[in-house]
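Read the structure below first, then the notes.
Order of appearance sets the numbers: ligands from 1, and atoms from 1 within every ligand. These numbers come from a predicted model, not from an experiment. All values below come from the heavy atoms of this structure, side chains included, with hydrogens, waters and symmetry mates left out.
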Amino acid sequence: MANDCIFCRIIAGEIPSAGVWEDDCCYAFRDIAPQAKTHVVLVPRQHVRDIAEAGEALDDRLLAHMIRTAGKIARQEKLDGGFRVITNCGPDACQSVPHWHIHILGGEKLSEKMA
Ligand code: DGP
């Protein structure tokens, strides 16, 4: 755990969050500033800065587990019309929390533009 990391503190329960999924490897919660009707943030419990570091540092099984879990959360949230997953990496992508996370957005028709 990184003590100065908001998402590590959310995972530890030090900062309250509306959880939607939890298992041994990851945790998912509702975004505090939702950008779609449904907006969930999925994070690995292990602190890695971004997807680039995740690709270097995380076990292949955990990387695959994150993708599978994103799909499971979409089903659980009944995003039957489709959904979008986004992971911002670094300043050009406006990543604001340096703990890798996958946004899961849906529940309504999303913008045709991705950026
Ligand atoms: P990004 O900009 O891709 O790094 O996304 C970070 C997201 O995290 C952003 O959409 C807002 C969300 N967020 C930041 N702080 C908190 C918090 O304390 N609680 C919750 N639920 N979400 C947060």
What do we get for Arg30 next to ligand 1 when only non-hydrogen atoms under 4.0 Å count, side chain, backbone, both or neither?
-> backbone
Taking distance alone, with no angle check, do Val97 and ligand 1 share an N/O pair under 3.5 Å?
-> yes
Out of curiosity, Asn88 CG to His103 NE2, how far, rounded to the nearest 0.5 Å?
-> 5.0 Å
Side-chain contact test, heavy atoms from C-beta onward, threshold under 4.5 Å: evaluate it for Ile102 versus Val41 and give yes or no.
-> no
Any non-hydrogen atom of Cys94 lying under 4.0 Å from ligand 1?
-> yes
Residue Gln95 vicinity, atoms of ligand 1 by number, heavy atom under 4.0 Å | 4 (O)
Part of Trp100 within contact of ligand 1 (heavy atoms, under 4.0 Å) = neither
Near His101 (heavy-atom distance under 4.0 Å), the atoms of ligand 1 are 1 (P), 3 (O), 4 (O), 5 (O), 6 (C)
Output yes when Arg49 and Glu56 qualify as a salt bridge under the 4.0 Å nitrogen-oxygen rule, no when they do not.
-> no
Here the gap from Ile10 atom CD1 to Phe29 atom CZ, rounded to the nearest 0.5 Å, amounts to 4.0 Å
Could you tell me if any non-hydrogen atom of His103 lies under 4.0 Å from any atom of ligand 1?
-> yes
Inspect the contact between Arg30 and Glu77 and indicate whether a charged nitrogen and a carboxylate oxygen are less than 4.0 angstrom apart.
-> yes
Just by distance, do the side chain of Glu53 and the backbone of Leu58 share a donor-acceptor pair under 3.5 Å?
-> no
Salt-bridge present (Arg61, Asp59; N to O < 4.0 Å) = yes
Answer yes or no: is there an ion pair linking Lys37 with Glu108, defined by an N-O contact shorter than 4.0 Å?
-> no
Looking at ligand 1, does any of its N/O atoms fall within less than 3.5 Å of an N/O of Ser96?
-> yes
Ligand 1 N/O within reach of His39 N/O, cut-off under 3.5 Å = no
Report, in ascending order of atom number, the atoms of ligand 1 lying under 4.0 Å from any heavy atom of Phe29.
-> 20 (C), 21 (N), 22 (N)
Look at atom 13 (N) of ligand 1 and say which protein heavy atom is nearest, naming residue and atom and giving the distance to 0.1 Å.
-> Ile32 CG2, 3.7 Å
Just heavy atoms, cut-off under 4.0 Å: does Ile10 contact ligand 1 by side chain, backbone, both, or neither?
-> side chain
Are any side-chain N or O atoms of His101 and backbone N or O atoms of His99, one a donor and one an acceptor, separated by less than 3.5 Å?
-> yes
Which heavy atom of the protein is the closest neighbour of atom 8 (O) of ligand 1, given with residue, atom name and distance?
-> Phe7 CZ, 3.3 Å
Measure the distance from atom 10 (O) of ligand 1 to every protein heavy atom, then report the residue, atom name and distance (to 0.1 Å) of the closest one.
-> Asp31 OD2, 2.5 Å
Hey, does Asp31 have a side-chain heavy atom less than 4.5 Å from the side chain of Val40?
-> no
Return a yes/no value for Ile15: is any of its N or O atoms, backbone included, closer than 3.5 angstrom to an N or O of ligand 1?
-> no
